[in-house]
Number of protein chains: 2
Amino acid sequence: MRYNKFMAVKGDTARETWGLLSGLVYPPPFLSIAREHDLRPATFGALRVLGEPRTMGQLAELLHCDNSNVTGIVDNLEDKNLAVRFPSEVDRRIKVVELSVKGEKLRKRLMEEMAKPPDWVRSLPDKDRRALRDILQRAVAAENP
Amino acid sequence: MRYNKFMAVKGDTARETWGLLSGLVYPPPFLSIAREHDLRPATFGALRVLGEPRTMGQLAELLHCDNSNVTGIVDNLEDKNLAVRFPSEVDRRIKVVELSVKGEKLRKRLMEEMAKPPDWVRSLPDKDRRALRDILQRAVAAENP
DNA sequence: TATTGTTATACTCTATAACTATA
DNA sequence: TATAGTTATAGAGTATAACAATA
C-alpha cells in the first residue's frame, strides 16, 4: 500500500485518537463494580441481562457461554436470593429465571453505577462534552445505517 | 442532593455521552486479538509488559496478580519459545525474563494491532476526528495536571 | 532471618460429553 | 427421537500457604 500525505495525516489522527481513548476507557469499570458488590463477573453479567425473565437457553445465548455454565451462574443467583428458577408451564423442560425483589433492586443499582459517567467525562467543559456527544452520535449513526 | 436545571442538563449530557461511548468501546478488542494469535489472555498481558526484561516480581506487579501465577505465565511463554528466564547475576534468587527474537516480533505485531483504531474512529469525517482527538487531549491533560 | 520464586491446593470460569426429564 | 437443562470432567486464571534456594 502506498501512502500519501493525506492518508498519513488521517491515519495518524485516528491512531492518536484511539490511543488517547484507550487510556481513558480501559480497563473497563464493570469488574470493579462487580467486586464492590461481591458478585462474580459471570453473576453480574447475568443480572445485567435479567431485566426480564429469561430461560436458561436464552441466558446462555445472551452471555455467550455454554448452556452448562448457566446452571452454575443461576445457582449462584439463587444462593444469594437474587433470582428464582421454575419450570415453564407450557413446556416443563424449560426453566424460567426471574429476579426476586432483592435481585431487581440490586440490578437497578448496578445499572445506575454502570451508567454513571467517569470523572473525565463529567469534568469536560460543557462545550467539549456536547461536542463529544454529537460526534459519538454521528459515529453510532454511521455504524448502524 | 438537590438538583437544579443546570446540573440536570450537565448530568444528562454526560450520561448520554458515556452511554454512546460504552457501546463503541466495549467489549475491549484485546481479547479477540489474543485469541486470533492463540494466546491466553494472561500470556498476552505478559508479552505486553515485556518491552524490556523484567523480574518475576516486577511482572506480578505489572500484571496485578500474585507472584505464584507468574510462574505459570512465564512457563507458557517459554513453552512457546517467546521468552527465556534466567537467574540474575547479581542476586541468584531473582529470575530475569527476557523476550526471544520470536517473542519480540510477536509483541511488535500485537502492539501494532492494539494501536490500530477501530472502524468507527477511522470512518469519522476529518473534522470530527480532529475535534475528538482535541477533546480527548484536553481530558487527559485535565486528569494528569 | 528475610526474600525470590516455586509447588501444593483450592475456587472460579468456561467448554465438551454423557445423562435425565420431558416432549 | 429430539430438546432443555444438569452433572461429570477437564483446562485455564487467580489466590493463599508451605517450601526451597539464596542472601
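Just so we're clear, the structure is a prediction, and the values are computed from it rather than from any experiment. Just so you know, these numbers use all the heavy atoms, side chains as well, and skip hydrogens, waters and symmetry mates.
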* Between A:Arg85 and D:dA4, is there a side-chain N or O to OP1/OP2 distance below 4.0 Å? -> no
* Calculate the interatomic distance between A:Leu31 atom CG and C:dT12 atom P; express it in whole Å. => 17 Å
* To do: For A:Arg85 and A:Val97, indicate whether the former's side chain and the latter's backbone hold a donor-acceptor pair under 3.5 Å.
  => no
* Asked: Would you call A:Arg15-B:Glu112 a salt bridge at under 4.0 Å N-O?
  -> yes
* To do: Verify, without hydrogens or angle tests, whether A:Tyr26 (side chain) and A:Leu21 (backbone) share a donor-acceptor contact under 3.5 angstrom.
  => no
* Separation of D:dA8 C1' from A:Asp75 CG (nearest whole Å) -> 15 Å
* To do: Indicate yes or no: does B:Arg129 engage B:Asp126 in a salt bridge with an N to O separation below 4.0 Å.
  => yes
* Asked: Does a nitrogen or oxygen in the side chain of B:Lys95 sit under 4.0 Å from OP1 or OP2 of C:dT6?
  -> yes
* Separation of A:Ile73 atom CD1 from C:dC13 atom C1', in whole Å? -> 8 Å
Enumerate donor-acceptor pairs with a distance under 3.5 Å from any side-chain N or O in residues 27-37 of chain B to protein atoms, sequence neighbours excluded.
unit_1: B:Ser32; atom_1: OG; unit_2: B:Pro29; atom_2: O; d: 2.9
unit_1: B:His37; atom_1: NE2; unit_2: B:Glu113; atom_2: OE1; d: 3.4
unit_1: B:His37; atom_1: NE2; unit_2: B:Glu113; atom_2: OE2; d: 2.8

* For atom CD of A:Gln58 and atom P of D:dT3, their distance in whole Å -> 17 Å
* Using the test salt bridge (Lys or Arg N to Asp or Glu O under 4.0 Å), find all partners of A:Glu98 that sit at least two apart in sequence or belong to another chain. => none
Atom pairs and distances, donor-acceptor, side-chain atoms in residues 58-68 of chain B, under 3.5 Å, two or more places apart:
unit_1: B:Gln58; atom_1: OE1; unit_2: B:Thr55; atom_2: N; d: 2.9
unit_1: B:Asp66; atom_1: OD2; unit_2: B:Ser68; atom_2: N; d: 2.8
unit_1: B:Asp66; atom_1: OD2; unit_2: B:Ser68; atom_2: OG; d: 2.8

Can you list, pair by pair, the side-chain donor-acceptor contacts under 3.5 Å of residues 136-145 of chain A, counting residues two or more places apart and other chains?
unit_1: A:Gln137; atom_1: NE2; unit_2: B:Glu16; atom_2: OE2; d: 2.9
unit_1: A:Arg138; atom_1: NE; unit_2: B:Asp128; atom_2: OD2; d: 2.8
unit_1: A:Arg138; atom_1: NH2; unit_2: B:Asp128; atom_2: OD1; d: 2.9
unit_1: A:Arg138; atom_1: NH2; unit_2: B:Asp128; atom_2: OD2; d: 3.4

* Grab the CD1-C1' distance between A:Ile94 and D:dT6 for me, whole Å please. => 15 Å
* To do: Verify, without hydrogens or angle tests, whether A:Thr43 (side chain) and A:Leu39 (backbone) share a donor-acceptor contact under 3.5 angstrom.
  => no
* **DNA chain C contacts made by residues 32-54 of chain B, counting heavy atoms under 4.0 Å** => none
* Structure fact -> Contact string for nucleotides 15-23 of chain D, one letter per nucleotide 5' to 3', B = base within protein heavy-atom range under 4.0 Å, S = sugar-phosphate only, - = neither, reads BBB----BS
* **Length of the line joining A:Leu59:CG and D:dG5:P, which is rounded to integer Å** => 9 Å
* **d(CG, A:Asn76; P, C:dC11) in whole Å** => 14 Å
* Structure fact -> Taken to the nearest whole Å, CD/A:Glu61 to C1'/D:dA4 is 13 Å
